[in-house]
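All remarks here apply to the structure that follows.
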Number of protein chains: 2
Amino acid sequence: MLDAYTDLLERRGERAATLDAVARAAGVSKGGLLYHFATKHALEAGLLARLDTLVTADLAAMRTAPEGPVEHFLRSSASDDTPFDRTLRAVARLSQSSDAARQALADVNTRWLAQIRDAVGDDDLARTILLISDGIYYGSALLREQGDPTAGPGAREIDAAVRVIRRLAGNEGDGADGSRGSLAARAD
Amino acid sequence: MLDAYTDLLERRGERAATLDAVARAAGVSKGGLLYHFATKHALEAGLLARLDTLVTADLAAMRTAPEGPVEHFLRSSASDDTPFDRTLRAVARLSQSSDAARQALADVNTRWLAQIRDAVGDDDLARTILLISDGIYYGSALLREQGDPTAGPGAREIDAAVRVIRRLAGNEGDGADGSRGSLAARAD
DNA sequence: GTCTATAGATGGATAGAC
DNA sequence: GTCTATCCATCTATAGAC
C-alpha cells in the first residue's frame, strides 16, 4: 500500500494520491486501506518512517561506494529505480503541503551534508555538491513526466557536473595527478 | 486574481489553491473570479502566460547585471521578492500535476542554459551552473515554510557556490588574476 | 461585472456485514 | 482483515438575480 501511495505521488502528484486511488492501485478497497492506515495522515506518516529507514541505508552505501562517496552521491541523485529515490521523490511532492514532509527532507539534507563534508573536507565544496545534487534531484523529480523519463536532467548534466567537480578536486593541492583529488578521497 | 493564485500556490501548495480560496484572497466571490477565468484551467493558463512575459524580462536583466550574468543568475535563484521568482515557484508547484506547467518550466530552463552558455563559453560549466541554480531554487521553493524564510538554501549556500565557481573560472586559462575569470566575462 | 444559490462529482472517513 | 454502503464536507462549474 505504501508502494502504491509512493507510485501515485511520484507519477501523478499529491492531488491524485487520494485514498480511493491508492486503494485501487494497491488492489484493495478503501475500507481495506483504512484498516491499516486509519487516516490519510497515518498513511503519510508511514511513508516518512520508511524514508528514515532508507536514508540510513543510503548513507552507509555512500561510505563504501567504489567510485567514492561524492560521485556515487551525484550519480544516485537521478536514479529512478531504487526504493530510496522513489520514496524521496514522493516525499518531495508531499512537502508542498505538509510540514512534516518538509522537515523530513530537511533532515535528509542535513545528514547528507555532514557525510559529504566529511568526505571532501571542504565546507564550501560540500554545500555546492549538495546544491548540484538538489538540482539534479528536484529537476528529475519535478520535470519527469509520466511517460517521458528523458525530461529533466539526465546523464548529460550529471557527467558535466562530475567533470567540473573533478577539475576542482584535482586543483586542490593535496591530491596530485588531477584525475582524482579529494573527489575520490576515502573511497579506498 | 493571478497574484492571489500565485500567493496561494507558493505558500500553501496546489491543493490549497482552490477557486474558493483564490476568490477569497483576491477579495471577490467565486462567481466574480469565474467571470474573468471561466475554468480553473484558464486560471492556470493565465499564470503560464505571465511567466513567459517575466522570463523574457529576466533574461534581459541578466545580460546587463553589473556583477556579471552568472553571479546575478545564482543570487537571484533564491530571491523571494520579485514577481518573476514568485511566479516561477508557483508554476513549479503546479508542475506536479500539469503537463503544461512542466513544459513551461522546461522552456525557462532551456532559455537560461542558452544564455549562461553564451556567457561562460563552456557547456559543462553552464550545465553545472544551471544545476546549482536549480538546487538553490527548488530548495528554496520547496523547503521554504510559510513563516520560516530561513529554511532551505540561503546566503550561506549561495556564497559557497559562488566561491567554488570563482575558483574554477580563475583556473580556466583565458582569465589571469584568478579573482574574476570567465565568471564575469561579458559583464562589462 | 459581481453577486448568491445550487447542481453534480469527488474527497476523507465511519458503520457494519462477512 | 477486507468488503460494501453511506455520511458529510468540499471542489468545480452553472444559473440567474442585481
Side-chain angles (χ1 to χ4, degrees), chain A residues 1-51 87 89-104 142 146, chain B residues 1-51 87 89-104 142 146:
Chain A
M1 295 174 180
L2 283 179
D3 287 343
Y5 184 42
T6 299
D7 200 58
L8 275 166
L9 279 174
E10 192 188 358
R11 299 229 298 241
R12 303 197 35 223
E14 174 202 13
R15 204 166 180 180
T18 66
L19 292 181
D20 233 324
V22 171
R24 214 174 317 122
V28 296
S29 71
K30 214 194 300 198
L33 172 62
L34 284 165
Y35 172 77
H36 296 280
F37 298 96
T39 66
K40 203 175 189 202
H41 185 262
L43 187 61
E44 181 190 319
L47 191 65
L48 297 186
R50 172 186 275 193
L51 176 65
T87 304
R89 277 196 292 270
V91 173
R93 299 221 148 165
L94 271 182
S95 73
Q96 270 198 90
S97 56
S98 157
D99 284 345
R102 206 155 19 214
Q103 184 59 49
L142 297 181
Q146 292 82 323
Chain B
M1 295 174 179
L2 284 178
D3 287 343
Y5 184 42
T6 299
D7 199 59
L8 276 165
L9 279 173
E10 193 188 356
R11 300 228 297 242
R12 302 196 37 221
E14 174 200 12
R15 204 164 181 179
T18 66
L19 292 181
D20 231 326
V22 171
R24 213 173 318 119
V28 296
S29 71
K30 211 193 301 197
L33 172 63
L34 284 166
Y35 172 79
H36 296 281
F37 298 96
T39 67
K40 205 175 189 203
H41 185 261
L43 186 61
E44 181 190 318
L47 191 64
L48 298 186
R50 172 186 275 191
L51 176 65
T87 304
R89 276 196 292 270
V91 173
R93 300 221 147 163
L94 271 182
S95 73
Q96 270 198 78
S97 57
S98 156
D99 285 345
R102 204 154 23 212
Q103 184 59 48
L142 295 181
Q146 291 84 321

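Below, chains carry the letters A, B, ... as their sequence lines are ordered, and counting in each starts from 1. Since this is a predicted model, take the numbers as computed values, not measurements.
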Would you say a side-chain N or O of [X] is under 4.0 Å from OP1 or OP2 of [N]?
X	N	answer
B:Arg15	C:dG12	yes
A:His36	D:dT2	yes
A:Tyr35	D:dG1	yes

Nucleotide [N], atom [atom2] - distance to [atom1] of [X] in whole Å:
X	N	atom1	atom2	result
B:Asp20	D:dA9	CG	P	15 Å
A:Tyr5	C:dG12	OH	C1'	13 Å
A:Leu19	D:dT4	CG	P	16 Å
A:Arg24	D:dC3	CZ	P	13 Å
A:Lys40	C:dT10	NZ	C1'	12 Å

key: B:Glu14 backbone acceptor or donor facing B:Arg93 side chain under 3.5 Å   =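 A pair under 3.5 Å: no.
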
inquiry  = Please pick, from C:dA13, C:dC3, D:dA13, the nucleotide with the shortest atom-to-atom distance to any side-chain atom of B:Ser29.
reply    = C:dC3

message = By nearest atom, which of the nucleotides C:dC3, D:dT12, C:dG12 is closest to the B:Lys30 side chain?
response = D:dT12

inquiry  = Return whichever of A:Ala16 or B:Leu33 has its heavy-atom-nearest nucleotide of DNA chain C closer to the 5' end.
reply    = B:Leu33

Side chains of [X] and [Y], heavy atoms from C-beta outward: is any pair under 4.5 Å?
X	Y	result
B:Leu43	B:Leu2	yes
B:Arg50	B:Asp3	yes
B:Tyr5	B:Glu44	yes

message = Just to be sure I understand the rule, does A:Leu34 reach a base, reach only the sugar-phosphate, or reach nothing, if contact means heavy atoms closer than 4.0 Å?
response =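 Touches a base.
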
ask   = At under 4.0 Å between heavy atoms, what does A:Thr18 touch on the DNA or RNA strands: base, sugar-phosphate, or nothing?
value = sugar-phosphate

